[in-house]
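See structure below.
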Amino acid sequence: MLRIGIAGIGFMGMIHYLSYAKVRGAKVVALAEPDAKRRAGDWRGIQGNFGPAGTQMDLKGVRTYATFEELAADPDLDVIDVCLPPALHPAATVAAFGGGKAVFCEKPIALSTAAAQKMVAAGERAQRPLMIGHVLPFFPEYAFAYKAVTSGKYGRLLGGHFKRVISDPLWLRDFWDPKKVGGPVLDLHIHDAHFIRLLCGMPTSVTSNGRMRGECVEFLSSQFQFADRDLAVTATSGVINQQGRGFTHGFEIHLQRATLLFDLAMYAGGNIATPLTVLTKDGKVLRPELGGGDPMDGFAAELTEVVRALRSGKPSPILSGDLARDALVMCQKESQSVRTGKPVKIG
């Protein structure tokens, strides 16, 4: 049984805590949180744009610490799950490795490439795994797409379009601070940047257009270029200033013998969705059965992959620190392209 310590009980810390209860082979035995009410189990003030609302939790049997340093020093932990604000990821990860722990850290890996590389290097020195919580490939529609592409079932990947748009996340403190959270490119779009990197490899350059809010890109449209010039890949992401549609994401992925379609929009009062649809070369329209569709299932699947990787000693092909660092680089280059109005080389 892997003994887990969670650092930070905000929205993602709560989601991870609840998800571990569905995962075999892992148990949360400790947490660190500076807020005394949350250490006592009062999570009623926690909110996000999906999943259950915060509630009163029974933390009997869970050791609670006020500081990360106390958690990192706990000798009875195998893994530290870092759910702190992004600016704190590098220091927490390096400290956890110093204490001999494996690290599972929420995305983004960091706010700068240099900090991300320090995290990767620290794991290599400590010979301990670093995994970054890019959960998107574990959502059923994206898991289907990943398997379809990597298996070659429908032939070679030709490209696609990816989108991810939210209303202004008014409940997130410091969201627009580039030194603490990084705005929608690093908090939101990085999901699709990671998925594009996973499916297509690393782009060679990017051209992005968009608008700014202060020092952060508020909204962007990007076109990526690859060494394989046949790959046509675009993405749209950011924040809109109308609160009636809280969240939308989706994709259209082109393969030699099929096109994969998916779209979900969460509106006040109800959701509208185009379920995963496969348009085949011979004219068929297929709707694969994917299960219940609860987003919490994606987090349970992600944590199951963490447990598999740690118990087997075989690194995760999806959650690696290297991939997360590459996704961060892509986002930084896109932001640079928006600010300068010019194409930007990657790598």
Taking C-beta and beyond as the side chain, do [X] and [Y] meet within less than 4.5 Å on heavy atoms?
| X | Y | result |
| --- | --- | --- |
| Phe104 | Leu130 | no |
| Phe162 | Ser237 | no |
| Val23 | Val307 | yes |
| Ile4 | Val29 | no |
| Phe139 | Leu264 | no |
| Pro169 | Phe247 | no |
| Lys163 | Asp263 | yes |
| Gln332 | Thr113 | yes |

[X] [atom1] to [Y] [atom2] distance, which is reported to the nearest 0.5 Å:
| X | Y | atom1 | atom2 | value |
| --- | --- | --- | --- | --- |
| Leu286 | Leu260 | CG | CG | 10.0 Å |
| Leu188 | Phe219 | CG | CZ | 10.0 Å |
| Leu88 | Lys180 | CG | NZ | 9.5 Å |
| Leu2 | Leu310 | CG | CG | 5.5 Å |
| Arg164 | Phe251 | CZ | CZ | 10.0 Å |
| Ile196 | Ile190 | CD1 | CD1 | 11.5 Å |

Run through Arg38, Arg44, Arg39 and flag the one making a side chain to side chain donor-acceptor pair (under 3.5 Å) with Asp42.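 Of the listed options, the one satisfying the test is Arg44.
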Are more than 12 heavy atoms, taken from residues, nucleotides or ligands other than [X], located less than 6.0 Å from that residue's [atom1] atom?
| X | atom1 | answer |
| --- | --- | --- |
| Arg339 | CZ | yes |
| Gln56 | CD | yes |
| Arg173 | CZ | no |
| Lys22 | NZ | yes |
| Gln256 | CD | yes |
| Arg229 | CZ | no |

Short N-O contact, [X] and [Y], less than 4.0 angstrom:
| X | Y | result |
| --- | --- | --- |
| Asp187 | Lys107 | yes |
| Arg63 | Asp76 | yes |
| Glu218 | Arg211 | yes |
| Asp192 | Arg197 | no |
| Asp228 | Arg156 | yes |

Verify the cluster assignment for [X] and [Y]: are they in a single hydrophobic cluster under the rule of side-chain heavy atoms below 4.5 Å apart?
| X | Y | result |
| --- | --- | --- |
| Leu84 | Ile6 | no |
| Leu323 | Leu199 | yes |
| Phe97 | Leu77 | yes |
| Tyr65 | Trp43 | no |
| Trp176 | Met212 | no |

Is there a donor in the side chain of [X] and an acceptor in the side chain of [Y], or the other way round, less than 3.5 Å apart?
| X | Y | result |
| --- | --- | --- |
| Gln225 | Thr204 | no |
| Asp322 | Ser320 | no |
| His254 | Thr259 | no |
| Gln223 | Thr207 | no |
| Asn271 | Arg245 | no |

For a quick test of reading the model, state the closest non-hydrogen atom pair linking [X] to [Y] and the distance between them.
| X | Y | value |
| --- | --- | --- |
| Ser167 | Val239 | C-CG1, 4.1 Å |
| Pro52 | Met296 | CD-SD, 3.9 Å |
| Ala193 | Cys331 | CB-SG, 3.8 Å |
| Leu198 | Pro317 | CD1-O, 3.7 Å |
| Ala116 | Ile109 | CB-CG2, 3.8 Å |
| Pro178 | Leu111 | O-CD1, 3.7 Å |

Any donor-acceptor pair under 3.5 Å from [X] side chain to [Y] backbone:
| X | Y | value |
| --- | --- | --- |
| Glu70 | Thr67 | yes |
| Arg257 | Lys153 | yes |
| His134 | Ala327 | no |
| His189 | Pro184 | no |
| Thr64 | Val62 | no |
| Glu33 | Asp35 | yes |

Is the centre of the His249 ring less than 6.0 Å from the centre of the Phe262 ring?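 For His249 and Phe262, the ring centres are under 6.0 Å apart.
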May I ask you to check whether Tyr142 and His191 place their ring centers less than 6.0 Å from one another?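 For Tyr142 and His191, the ring centres are not under 6.0 Å apart.
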Check the pair Tyr154 / Val149 against side-chain contact (heavy atoms from CB on, under 4.5 Å), numbers first and verdict last. CA-CA 7 Å; Tyr154 297 109; Val149 171; over 6 Å; no
Walk me through it: do Lys101 and Asp74 pass the test salt bridge (charged side-chain N to carboxylate O under 4.0 Å, His left out)? CA-CA 10 Å; Lys101 314 296 194 297; Asp74 188 330; over 6 Å; no
Determine whether Val103 and Val82 satisfy the following criterion, side-chain contact (heavy atoms from CB on, under 4.5 Å), listing intermediate values before the conclusion. CA-CA 7 Å; Val103 176; Val82 179; 4.1 Å; yes
Show your working on side-chain contact (heavy atoms from CB on, under 4.5 Å) between Ile346 and Met202 and close with a plain yes or no. CA-CA 8 Å; Ile346 300 176; Met202 195 64 167; 3.6 Å; yes
Please set out all donor-acceptor pairs under 3.5 angstrom arising from side-chain atoms of residues 11-18, sequence neighbours excluded.
| unit_1 | atom_1 | unit_2 | atom_2 | d |
| --- | --- | --- | --- | --- |
| His16 | ND1 | Asp81 | OD1 | 3.0 |
| His16 | ND1 | Asp81 | OD2 | 2.8 |
| His16 | NE2 | Glu106 | OE2 | 3.0 |

Check step by step if salt bridge (charged side-chain N to carboxylate O under 4.0 Å, His left out) holds for Lys60 and Asp58. CA-CA 6 Å; Lys60 184 179 179 180; Asp58 180 2; over 6 Å; no
